[in-house]
Amino acid sequence: MSLLIVGTMAFDALETPFGKVDRIIGGSATYAAWAASNFISSINQVSIVGGDFPAEEMSLLKNRGLAMDGVEIVKDGKSFFWSGRYHLDMNTRDTLVTDLNVLAQFDPKIPDSYQDSDFVMLGNLAPAVQISVLQQLKKRPKLVILDTMNFWMDVALDDLKNVLGMVDLLMVNDSEARQLGGEHSIVKAARKIQAMGPRYVIIKKGEHGALLFYEDKIFSAPALPLEDVFDPTGAGDTFAGGFIGYLARINDTSFESMKAAVIIGSAMASYCVEKFGPDRLKELTGADIDSRVNEFVTLSNFEIR
C-alpha cells in the first residue's frame, strides 16, 4: 500500500509557557509524514518549499521512505512561515505572523509515479487546491481523508462543500465541527457533516480526546493525561498521519480498524507534544509506540460485574 500526503512543509516560531523557539521545522505534511512513516514506508509527499528549506531535513524524510518527486523547490523563494504564542491552558493561541511566501503560488502537480496511491491525506489547504489534487488522480483511492479549518468555512465555503462530497473522512476540531454543522451539539453537527459527503467524521477535542462517527455509530477515544506538554503545534497533523499510516499498513478501512487507528493517532500525538516541533517523532521506536498504545488501552479498559 502507498500513501499520498499533501500539505505544508514550513518553518515555525513558537512561544509556550514552557519555552520559546525562533525558527524550527513545521508544516502539516512534515508532521504527518514523520508519524505515518512509523507504519508504512511507501509515502508520496506533495508540498512546496523555498530554497531556504534545509536539505538535511529533506534527506531525513527520504531516509524514512518518502518520495519527494511532488515537492516543488522554489530556489529563490522563502518557505511558508508561521509564528504563534500559546496561552497557559495550551488550547488557545495567538497567531503573531503568517507569511505565505511560496505557499501563495502552490499549484500541486501529482507525478505519474504517485498515481498508485491507495490512501490519501489532504492537509489543511485551500479547498480549491484540495479539489485540484483529487481531480488529478486517475483512480479512486481506497480512502481519502481531509483536514480543514474555520478560516476556509468563512472564505471558501462553497469550495469546501464541493470537496466534502469527494472525500471519505473529515477531521476537524470541536469548534470547527459546530461551525460547519451549524449545531452546538457535537453529535448533531457530525450528522450534518456526514450528510455533506464524508461517511466518517473525526472530531478532535484536544486534551479531551477524539470522537469517530460512522453511520449511527460513535467511538470515543480518551486523551492520555500527560505531565509535560511543551508544544501542541502539529499534534493534529501527527494524529492524522498516525491514523492513516496505520490503516494503510493493515490495508483495512472498516469501522473497527478505524477505532484502533484513532488510538494509534492519539498515541502519536501524545508523543508529538513532548518536545518543540517534530523532534520527538524523529526519535520514536516501535517499542515506544507499543508502550504508549498500551497506556491508552489500560486507561480505557474496565469490567462490569
Report summary line: All heavy atoms of Gly245 vs all of Ala36, minimum pair found to be CA-CB, 4.1 Å
Query raised in the report: Is Lys275 salt-bridged to Glu283, going by a charged N under 4.0 Å from an acidic O?
Result: yes
Requested in this report: Flag the pair Pro141 / Leu137 as yes when at least one side-chain heavy-atom distance between them is below 4.5 Å, and no otherwise.
Outcome: yes
Query raised in the report: Which heavy atom of Lys204 sits nearest a heavy atom of Phe239, and at what distance?
Result: CD-CD2, 4.3 Å
Report task. Supply the atom-to-atom distance Ile203 CD1 to Asn173 CG, rounded to the nearest 0.5 angstrom. Result -> 9.0 Å
Report task. Kindly say whether Val120 contributes a backbone atom to a donor-acceptor pair with the side chain of Ser117 at under 3.5 angstrom? Result -> no
Query raised in the report: Could Lys138 and Asp112 be called an ion pair, given the rule that one side-chain N must be under 4.0 Å from one carboxylate O?
Result: yes
Report task. Side-chain contact test, heavy atoms from C-beta onward, threshold under 4.5 Å: evaluate it for Lys20 versus Leu14 and give yes or no. Result -> no
Requested in this report: Determine, stepwise, if the pair Leu160 / Leu180 fulfils side chain to side chain contact (heavy atoms under 4.5 Å, CB included).
Outcome: CA-CA 10 Å; Leu160 178 56; Leu180 183 58; 4.2 Å; yes
Requested in this report: Verify, without hydrogens or angle tests, whether Gln130 (side chain) and Gly123 (backbone) share a donor-acceptor contact under 3.5 angstrom.
Outcome: yes
Query raised in the report: Under 4.5 Å between any side-chain heavy atoms of Met1 and Ile250, yes or no?
Result: no
Report task. Please report the C-alpha distance between Glu56 and Lys62 in whole Å, then the side-chain angles of each, then the deciding distance to 0.1 Å, and finally whether the salt bridge (Lys or Arg N to Asp or Glu O under 4.0 Å) criterion is met. Result -> CA-CA 10 Å; Glu56 56 268 27; Lys62 287 180 181 178; over 6 Å; no
Query raised in the report: Which pairs count as salt bridge (Lys or Arg N to Asp or Glu O under 4.0 Å) when at least one residue sits in residues 208-218, sequence neighbours excluded?
Result: none
Requested in this report: Identify the residue among Val129, Leu170, Leu134 that makes a side chain to side chain contact (heavy atoms under 4.5 Å, CB included) with Leu122.
Outcome: Leu134
Requested in this report: Locate the shortest heavy-atom distance separating Ser270 from Arg292; write the atom from each residue and the value.
Outcome: OG-NH1, 2.8 Å
Query raised in the report: Which pair of non-hydrogen atoms, one from Gly7 and one from Ser47, has the smallest distance, and what is that distance?
Result: O-OG, 2.7 Å
Query raised in the report: Heavy-atom count around Asn63 CG within 6.0 Å, excluding the residue itself: above 12?
Result: yes
Query raised in the report: Under 4.5 Å between any side-chain heavy atoms of Phe255 and Leu212, yes or no?
Result: yes
Requested in this report: With the side chain counted from C-beta on, respond yes when Ser291 and Glu295 share a heavy-atom pair under 4.5 Å apart, and no when they do not.
Outcome: yes
Requested in this report: Given side chain to side chain contact (heavy atoms under 4.5 Å, CB included), test Met9 with Leu61 step by step and report yes or no.
Outcome: CA-CA 11 Å; Met9 298 173 69; Leu61 289 170; 3.8 Å; yes
**Report entry** Any Ile5 side-chain heavy atom under 4.5 Å of Asn44 side chain
**Finding:** no
Query raised in the report: Gln115 side chain to Gln136 main-chain N or O, any donor-acceptor pair under 3.5 Å?
Result: yes
Query raised in the report: Just by distance, do the side chain of Thr30 and the backbone of Gly26 share a donor-acceptor pair under 3.5 Å?
Result: yes
Report summary line: Applying side-chain hydrogen bond (donor to acceptor under 3.5 Å, both in side chains) to Lys192 and not counting sequence neighbours gives Glu183
**Report entry** Under 3.5 Å donor-acceptor, Glu274 side chain and Arg280 backbone
**Finding:** no
Query raised in the report: Are there more than 12 heavy atoms of other residues, nucleotides or ligands under 6.0 Å from atom NZ of Lys139?
Result: yes
Query raised in the report: What class does the angle between the rings of Phe39 and Tyr246 fall in, given that below 30° is parallel, 30 to 60° is tilted and above 60° is perpendicular?
Result: perpendicular
Query raised in the report: Counting N and O atoms only, with roles assigned by atom type, does the side chain of Thr298 sit under 3.5 Å from a partner on the main chain of Asn294, one being a donor and the other an acceptor?
Result: yes
Query raised in the report: With Val273, which of Thr233, Asp231, Leu226 fulfils side chain to side chain contact (heavy atoms under 4.5 Å, CB included)?
Result: Leu226
Query - Side-chain (Ser41) to main-chain (Ser37) donor-acceptor, under 3.5 angstrom - result: no
Query - Lys188, NZ atom: more than 12 neighbouring heavy atoms under 6.0 Å - result: no
**Report entry** Verify same cluster id: Leu88, Leu96 (apolar side-chain graph, 4.5 Å)
**Finding:** no
Query raised in the report: How many angstroms lie between atom CG of Asp279 and atom CG of Leu284, to the nearest 0.5 angstrom?
Result: 11.0 Å
Query raised in the report: Tell me, which pairs form a salt bridge (Lys or Arg N to Asp or Glu O under 4.0 Å) where one or both residues lie in residues 91-102, sequence neighbours left out?
Result: none
Query raised in the report: Hey, is the main chain of Arg199 close enough, under 3.5 Å, to the side chain of Gln194 for a donor-acceptor pair?
Result: yes
Report task. Would you mind listing every side-chain hydrogen bond (donor to acceptor under 3.5 Å, both in side chains) that reaches into residues 1-13, with sequence neighbours excluded? Result -> Thr8-Ser28
Query raised in the report: NZ of Lys78: more than 12 outside heavy atoms within 6.0 angstrom?
Result: no
Requested in this report: Identify the two heavy atoms, one from Met268 and one from Gly242, that lie closest to each other, and give their separation to 0.1 Å.
Outcome: CG-CA, 4.1 Å
Query raised in the report: Should Asp288 and Thr285 be marked as a side chain to side chain donor-acceptor pair (under 3.5 Å) after you check the CA-CA gap, both sets of side-chain angles, and the distance that decides it?
Result: CA-CA 5 Å; Asp288 292 330; Thr285 66; 3.1 Å; yes
Report task. Taking the side chain as every heavy atom from C-beta outward, state whether Phe296 and Val262 have any pair of such atoms under 4.5 Å apart. Result -> no
Query raised in the report: Say you draw a straight line from OH of Tyr214 to NZ of Lys259; how long is it, rounded to the nearest 0.5 Å?
Result: 13.0 Å
Query raised in the report: What is the distance from atom OG of Ser220 to atom CZ of Phe213, rounded to the nearest 0.5 Å?
Result: 9.0 Å
**Report entry** Main-chain N/O of Ser79 paired to Asp52 side chain as donor or acceptor, under 3.5 Å
**Finding:** yes
Query raised in the report: Rounded to the nearest 0.5 Å, what separation is found between the CZ atom of Phe11 and the CG atom of Asn101?
Result: 10.0 Å
Return all side-chain donor-acceptor pairs below 3.5 angstrom for residues 144-157, not counting sequence neighbours, or 'none' if the list is empty.
residue : atom : partner : partner atom : Å
Trp152  : NE1  : Asn124  : OD1          : 2.9
Trp152  : NE1  : Leu125  : O            : 3.3
Asp154  : OD1  : Gln179  : NE2          : 2.9

Query raised in the report: Got a second to check how far Met121's CE is from Asp237's CG, nearest 0.5 Å?
Result: 5.0 Å
Query raised in the report: Please, which pairs that meet ring pair (Phe, Tyr, Trp, His ring centres under 6.0 Å) have at least one residue in residues 67-119, sequence neighbours excluded?
Result: none
Query - Side-chain heavy-atom pair Glu72, Val49 within 4.5 angstrom cut-off - result: no
Query - Ion pair Arg140/Asp118, N-O distance below 4.0 Å - result: no
Query raised in the report: Near Arg249 CZ, under 6.0 Å, is it more than 12 heavy atoms from other residues, nucleotides or ligands?
Result: no
Query raised in the report: Between Lys109 and Asp107, is the closest basic N to carboxylate O distance under 4.0 Å?
Result: yes
Requested in this report: Check for a donor-acceptor pair, side chain of Ser59 on one end and backbone N or O of Ala55 on the other, with a separation under 3.5 Å.
Outcome: yes
Query - Heavy-atom closest pair, residues Ile110 and Val46 - result: CD1-CG2, 4.0 Å
Query raised in the report: Should Lys142 and Asp252 count as an ion pair when the cut-off is N to O under 4.0 Å?
Result: no
